[in-house]
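Worksheet: one structure, shown below.
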Amino acid sequence: MQRQSVTYTRSGMSKICFLLSLLLLTFWCLVHITDVYRFAFAGAIFELLWLPMLVLSFVLPVVSLVFLIKEKLGVRSFYLYALLVSMTNIFLMIYTK
């Protein structure tokens, strides 16, 4: 019986991490660009999501780094790109007003 490669078995998780990091970046960019309290519905959605998104913005790079190391630092891994997007997100959160 053949064993599946590590990259193949974790491809679903790597895509989820990458998509979550893109969603996180989109959320914080929209929050910085628009006035979320202009509309009551948008303000309510923001108030519900800001704490989970804040936690996710610091947990997701750690998770991506751990899985990237487990995959032996593969350049074609989605974990690498998720880590890069997450680090970009953190820098934008720190250096934008």
Side-chain angles (χ1 to χ4, degrees):
M1 181 160 69
Q2 290 181 331
R3 286 188 60 176
Q4 294 176 344
S5 69
V6 174
T7 306
Y8 179 73
T9 57
R10 293 201 180 118
S11 66
M13 182 68 171
S14 65
K15 289 176 186 176
I16 290 171
C17 283
F18 180 68
L19 290 175
L20 278 176
S21 63
L22 286 178
L23 175 74
L24 191 65
L25 182 66
T26 304
F27 177 79
W28 286 115
C29 286
L30 285 175
V31 166
H32 285 294
I33 291 171
T34 62
D35 181 19
V36 293
Y37 294 113
R38 184 175 177 192
F39 300 107
F41 182 73
I45 295 297
F46 170 72
E47 288 292 328
L48 288 172
L49 291 179
W50 76 269
L51 187 59
M53 291 293 185
L54 187 64
V55 169
L56 192 62
S57 31
F58 292 104
V59 169
L60 195 59
V62 174
V63 170
S64 296
L65 184 64
V66 167
F67 281 123
L68 182 65
I69 290 172
K70 281 186 178 182
E71 284 191 355
K72 298 182 174 119
L73 303 173
V75 178
R76 295 179 51 186
S77 174
F78 274 122
Y79 293 120
L80 175 65
Y81 301 119
L83 183 66
L84 291 174
V85 171
S86 296
M87 296 307 293
T88 303
N89 183 33
I90 291 173
F91 287 131
L92 288 176
M93 285 173 55
I94 291 172
Y95 294 115
T96 59
K97 195 172 184 183

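Worth saying up front: this structure is predicted, and the values here are computed from it rather than measured.
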Atom pair [atom1]/[atom2] of [X] and [Y] - distance to nearest 0.5 Å:
| X | Y | atom1 | atom2 | result |
| --- | --- | --- | --- | --- |
| Leu68 | Tyr81 | CG | OH | 10.5 Å |
| Ser64 | Met13 | OG | CE | 8.5 Å |
| Leu19 | Ser14 | CG | OG | 9.5 Å |
| Met53 | Leu60 | CE | CG | 10.5 Å |
| Ser86 | Phe18 | OG | CZ | 10.0 Å |

Hydrophobic cluster membership, [X] vs [Y], 4.5 Å side-chain cutoff:
| X | Y | value |
| --- | --- | --- |
| Leu56 | Leu23 | yes |
| Val85 | Val66 | no |
| Leu49 | Val36 | yes |
| Val62 | Leu24 | no |
| Leu30 | Leu22 | no |

- Parallel, tilted or perpendicular: ring planes of Trp28 versus His32, cut at 30 and 60 degrees: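 Answer is tilted, since the angle falls between 30° and 60°.
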- On the 0 to 90° scale, with breaks at 30° and 60°, tag the Phe46-Phe27 ring pair as parallel, tilted or perpendicular.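 Plane angle under 30°, so parallel.
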- Query: Can you list every side-chain hydrogen bond (donor to acceptor under 3.5 Å, both in side chains) pair that touches residues 36-60, not counting sequence neighbours?
  - Reply: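 Listed by first then second residue: Tyr37-Glu47.
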Taking side chain as C-beta onward, heavy atoms only, is [X] less than 4.5 Å from [Y]?
| X | Y | answer |
| --- | --- | --- |
| Phe91 | Thr96 | no |
| Asn89 | Ser21 | no |
| Tyr79 | Leu83 | no |
| Leu80 | Leu73 | no |

